[in-house]
Amino acid sequence: MINIGLVNTNEIFTQGLRIILEEEKDMKVIELGYDSANCFEQLSEFIPDVLLVHLINESNNAHHITRELKMQYTDMKIIYIYSSIDLHLIKKGIAEGVVGFLLSCSSRDALISSIRNVYYQQFVFANEIVEQLFKNVETDCNDIKQKIRGGLLDKGIHVSWRDSDILYLIYKGYKNTEIANELHLSEKTVRDYVSKVYKKLHTNNRDKIREYVTAIINEGELKIDTHNHSEM
């Protein structure tokens, strides 16, 4: 039996969820009050395995309740249900230990399967949320590469976009074989590119390259010691 708690942030939405979930023979449902005092009082008699929280906006008290519940009930699995995709709130939920991220437009079957999946120690994301997260990650990567390239150009070091790809992956700690897989290049081609950026930065010390790129990203200054060498 999966014990499910519904944090009542919206009466109509919560009642709709309850009707859906009570049709499942392996699920038991209880509504929880939308404030810490009532919520914890009810939990003294019923501890959910999975907690469903309909997140309306950033001012929603749900974040506060979630943090308090996770501190006291570390094994409780929490699913946030969003009215719309807000990556800031989703990242905030991940930091708070939430393991499920759905949308209020998610289907009944998606909701049921998500509850069972998180109960069995899996993370779940609505497909639409995954797409937005990947786009956001890609944007972040491109922003960092732009910063690397721009920072080097400001120092009079010309690097191509492919050079910035290589430098970014070195900064991330990738080995040549991993860079080749990531960029769909041969290892020989990667070695050639790595040699090229080493020459432009006047060193073949991979750690120094990483430190130098990190300093550029953090808008710091760091000179490369050209007397230290390491394997390409």
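All values derive from a computational prediction rather than experimental measurement.
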Which value, rounded to the nearest 0.5 Å, describes the distance between [X] atom [atom1] and [Y] atom [atom2]?
X	Y	atom1	atom2	result
L21	L111	CG	CG	5.5 Å
L183	I166	CG	CD1	5.0 Å
Q132	D86	CD	CG	11.0 Å
C105	I85	SG	CD1	8.0 Å
N176	N181	CG	CG	11.0 Å
I148	I157	CD1	CD1	12.5 Å

With a 4.5 Å limit on heavy-atom distance, are the side chains of [X] and [Y] in contact?
X	Y	value
R191	K188	yes
I94	F101	yes
Y212	K155	yes
K92	Y80	no
R162	L185	yes
Y193	V197	no
I2	V50	yes
L201	L167	yes

- Could you please spell out the steps behind the side-chain contact (heavy atoms from CB on, under 4.5 Å) verdict for D75 and I47? CA-CA 10 Å; D75 291 334; I47 301 178; over 6 Å; no
side-chain hydrogen bond (donor to acceptor under 3.5 Å, both in side chains) pairs touching residues 141-151, sequence neighbours excluded, are K145-D165
Side chain to side chain donor-acceptor pair (under 3.5 Å) filter on S84, not counting sequence neighbours, yields none
Distance-minimising heavy-atom pair for [X] and [Y]:
X	Y	result
S160	K200	N-NZ, 4.3 Å
P48	G5	CB-N, 3.5 Å
T14	V7	OG1-O, 4.1 Å
Y174	R206	O-NH2, 3.2 Å
S106	A110	CB-CB, 4.4 Å
F13	I81	CZ-CG2, 3.8 Å

Path from [X] to [Y] over hydrophobic side-chain contacts below 4.5 Å:
X	Y	value
F134	L103	yes
Y198	L153	no
V98	V130	yes
I12	V53	no
I19	I30	no

field: side-chain contact (heavy atoms from CB on, under 4.5 Å) between L152 and D163, worked out
entry: CA-CA 11 Å; L152 290 171; D163 293 338; over 6 Å; no
Just distance, no hydrogens or angles: give the donor-acceptor pairs under 3.5 Å from side chains in residues 120-129, sequence neighbours left out.
none

(Q) Checking I170 against V213 for the side-chain contact (heavy atoms from CB on, under 4.5 Å) test, could you report, in this order, the C-alpha distance in whole Å, the side-chain angles of both residues, the deciding distance, and whether it holds? (A) CA-CA 9 Å; I170 290 174; V213 171; over 6 Å; no
Across all chains, not counting sequence neighbours, the side chain to side chain contact (heavy atoms under 4.5 Å, CB included) partners of N3 are M1, K28, F46, D49
Side chain to side chain contact (heavy atoms under 4.5 Å, CB included) filter on T74, not counting sequence neighbours, yields none
Item to complete: Verify the distance criterion only: is there a donor paired with an acceptor across the side chains of E182 and Y168 at less than 3.5 Å?
Response: no
inquiry  = Between K175 (side chain only) and G173 (backbone N and O only), is there a donor and an acceptor less than 3.5 Å apart?
reply    = no
Taking D154 for the side chain and G151 for the main chain, is one N or O donor matched with an acceptor at less than 3.5 Å? no
Taken in chain and number order and not counting sequence neighbours, the residues that satisfy salt bridge (Lys or Arg N to Asp or Glu O under 4.0 Å) with E178 are none
